[in-house]
A.B. asks: 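Starting off with a structure, shown below.
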Amino acid sequence: DGGITQSPKYLFRKEGQNVTLSCEQNLNHDAMYWYRQDPGQGLRLIYYSQIVNDFQKGDIAEGYSVSREKKESFPLTVTSAQKNPTAFYLCASKRPVKSGGYTFGSGTRLTVV
Amino acid sequence: GQQVMQIPQYQHVQEGEDFTTYCNSSTTLSNIQWYKQRPGGHPVFLIQLVKSGEVKKQKRLTFQFGEAKKNSSLHITATQTTDVGTYFCAADSNYQLIWGAGTKLIIKP
């Protein structure tokens, strides 16, 4: 079955470290997104990519970086510049217009230790 | 920028009671989407409404899109424990989704 795979499920980071969250999809979707969710809160957009080799900042891009070298992959790097990185990170892709909606991965929970 | 306001933030119901969440925008929306997020889980797409005045049903769930395409609602009839979670509305805008804050459905013990 097609879907989005995020890894790892849980990640612990020491202060000052960069970490990279993986997001892979086999849905053949063009557009991919990264969201951050804090406990009890809604979703905030970090970065999005409409097509390979192109991406745009979302509302809270500071301290994060992405790449989109392949259609299937959209990794997110949480840099040491992100002062409060502990959160639930969700990767999503946009379904075809006729179907509507976004498909989400199961998420990565990042904790700074 | 465009915003979607969603209320209430929480709703406590007895099992078997109904549940409703509402989304409103000051501007016309191209569509409205609804998602469910179970505790500890990820958002799951439920439905998309596109047409003015559209009503769609999925078993005990009824989704409505207002005539002016500025508001929407999700109504669950006779809630069950499997309905527990947070329900989000979202609207497409400039290659992004604008998200409501979500309504958490809590079943009273």
Side-chain angles (χ1 to χ4, degrees), chain A residues 1-7 9-10 21 23 25 27 29-51 54-61 68 74 87-110, chain B residues 1-12 21 23 25 29-51 54 56 58 61 63 65 69 72 74 84-106:
Chain A
D1 287 338
I4 295 181
T5 301
Q6 287 189 244
S7 62
K9 190 169 183 178
Y10 298 94
L21 283 56
C23 176
Q25 57 110 346
L27 300 165
H29 292 170
D30 288 314
M32 297 185 73
Y33 302 78
W34 273 105
Y35 289 95
R36 170 179 172 144
Q37 188 175 38
D38 293 289
Q41 303 298 310
L43 281 74
R44 292 188 290 169
L45 182 64
I46 305 173
Y47 268 98
Y48 64 102
S49 168
Q50 296 293 308
I51 199 167
D54 188 43
F55 48 83
Q56 285 78 41
K57 294 181 179 180
D59 300 319
I60 56 165
R68 187 84 187 277
F74 190 39
F88 187 38
Y89 291 87
L90 290 156
C91 179
S93 65
K94 187 172 184 178
R95 294 150 58 114
V97 172
K98 189 175 181 182
S99 306
Y102 286 31
T103 299
F104 282 82
S106 56
T108 294
R109 295 190 185 276
L110 173 63
Chain B
Q2 193 168 36
Q3 287 187 319
V4 175
M5 305 303 293
Q6 186 173 0
I7 58 169
Q9 188 176 4
Y10 301 94
Q11 191 166 0
H12 295 77
T21 174
C23 286
S25 171
L29 302 172
S30 59
N31 61 44
I32 194 83
Q33 301 170 22
W34 287 94
Y35 294 79
K36 176 183 179 181
Q37 185 175 24
R38 294 181 185 272
H42 58 278
V44 174
F45 174 69
L46 295 176
I47 206 162
Q48 175 173 275
L49 305 176
V50 178
K51 299 177 182 176
E54 192 168 13
K56 288 189 176 180
Q58 290 179 351
L61 278 62
F63 305 85
F65 200 12
K69 299 181 72 173
S72 181
L74 159 59
V84 163
T86 301
Y87 293 84
F88 292 96
C89 64
D92 270 318
S93 176
N94 295 329
Y95 306 108
Q96 304 178 27
L97 275 183
I98 308 301
W99 290 83
T103 296
K104 190 171 184 178
L105 170 57
I106 300 164

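Lettering follows sequence order; numbering is per chain, from 1.
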A.B. asks: Counting heavy atoms not belonging to B:Q3, are there more than 12 under 6.0 Å from its CD?
C.D. replies: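 Open: at most 12 neighbouring heavy atoms sit under 6.0 Å from CD of B:Q3.
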
A.B. asks: Among A:G40, A:G107, A:S106, single out the residue with the greatest number of heavy-atom pairs under 4.5 Å to chain B.
C.D. replies: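 Most heavy-atom pairs within the cutoff with chain B belong to A:S106.
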
A.B. asks: Select, from B:P43, B:A101, B:G102, the one with the greatest count of heavy-atom pairs under 4.5 Å involving chain A.
C.D. replies: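 Among B:P43, B:A101, B:G102, the one with the most close pairs to chain A is B:P43.
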
A.B. asks: Side chains of A:Q56 and B:Q96: do they bring a donor and an acceptor to under 3.5 Å?
C.D. replies: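 Side-chain D/A pair, A:Q56 to B:Q96: absent.
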
A.B. asks: Which answer fits B:N31, side chain, backbone, both or neither, if we ask what part of it has an atom under 4.5 Å from a heavy atom of chain A?
C.D. replies: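 Nothing of B:N31, per the 4.5 Å heavy-atom cut-off to chain A.
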
A.B. asks: Which answer fits A:T103, side chain, backbone, both or neither, if we ask what part of it has an atom under 4.5 Å from a heavy atom of chain B?
C.D. replies: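 Contact with chain B: none, neither part.
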
A.B. asks: Would you mind telling me which of A:G42, A:A92, A:G101 has the largest number of heavy-atom pairs within less than 4.5 Å of chain B?
C.D. replies: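 Between A:G42, A:A92, A:G101, the count favours A:G101.
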
A.B. asks: Could you give the distance from CD (B:Q37) to CG (A:L90), rounded to the nearest 0.5 Å?
C.D. replies: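 So the gap between those two atoms works out to 6.5 Å.
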
A.B. asks: Which bit of A:R44 comes within less than 4.5 Å of chain B, counting heavy atoms only: side chain, backbone, both or neither?
C.D. replies: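 Answer is neither: A:R44 stays 4.5 Å or more from chain B.
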
A.B. asks: If I measure from the heavy atoms of chain B, does A:Y48 come under 4.5 Å with its side chain, its backbone, both, or neither?
C.D. replies: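 Side chain of A:Y48 only, per the 4.5 Å heavy-atom cut-off to chain B.
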
A.B. asks: How far does CD of A:Q37 sit from CZ of B:F88, to the nearest 0.5 angstrom?
C.D. replies: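 Those atoms lie 5.0 Å apart.
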
A.B. asks: Closer than 3.5 angstrom, by distance alone: can the side chain of B:Y35 be matched with the main-chain N or O of A:Y102 as a donor-acceptor pair?
C.D. replies: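 Yes; at least one donor-acceptor contact below 3.5 Å.
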
A.B. asks: Looking at B:N94, I'd like to know if its CG atom is crowded, meaning that more than 12 non-hydrogen atoms belonging to other residues, nucleotides or ligands lie closer than 6.0 Å.
C.D. replies: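 Incorrect, the count does not exceed 12.
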
A.B. asks: Please classify the contact of B:L97 with chain A as side chain, backbone, both or neither, using a heavy-atom distance under 4.5 Å.
C.D. replies: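 Backbone plus side chain of B:L97, per the 4.5 Å heavy-atom cut-off to chain A.
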
A.B. asks: Mark yes when over 12 heavy atoms from residues, nucleotides or ligands other than A:I51 sit less than 6.0 Å from its CD1; otherwise mark no.
C.D. replies: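 Count not over threshold, so no.
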
A.B. asks: What closest approach, in Å, do A:V97 and B:Q48 show between heavy atoms, and which atom pair accounts for it?
C.D. replies: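 Where A:V97 meets B:Q48 most closely, the heavy atoms are O-NE2, 4.0 Å.
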
A.B. asks: Within a radius of less than 6.0 Å around CD of B:Q58, do more than 12 heavy atoms belonging to other residues, nucleotides or ligands occur?
C.D. replies: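 More than 12 within 6.0 Å, yes.
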
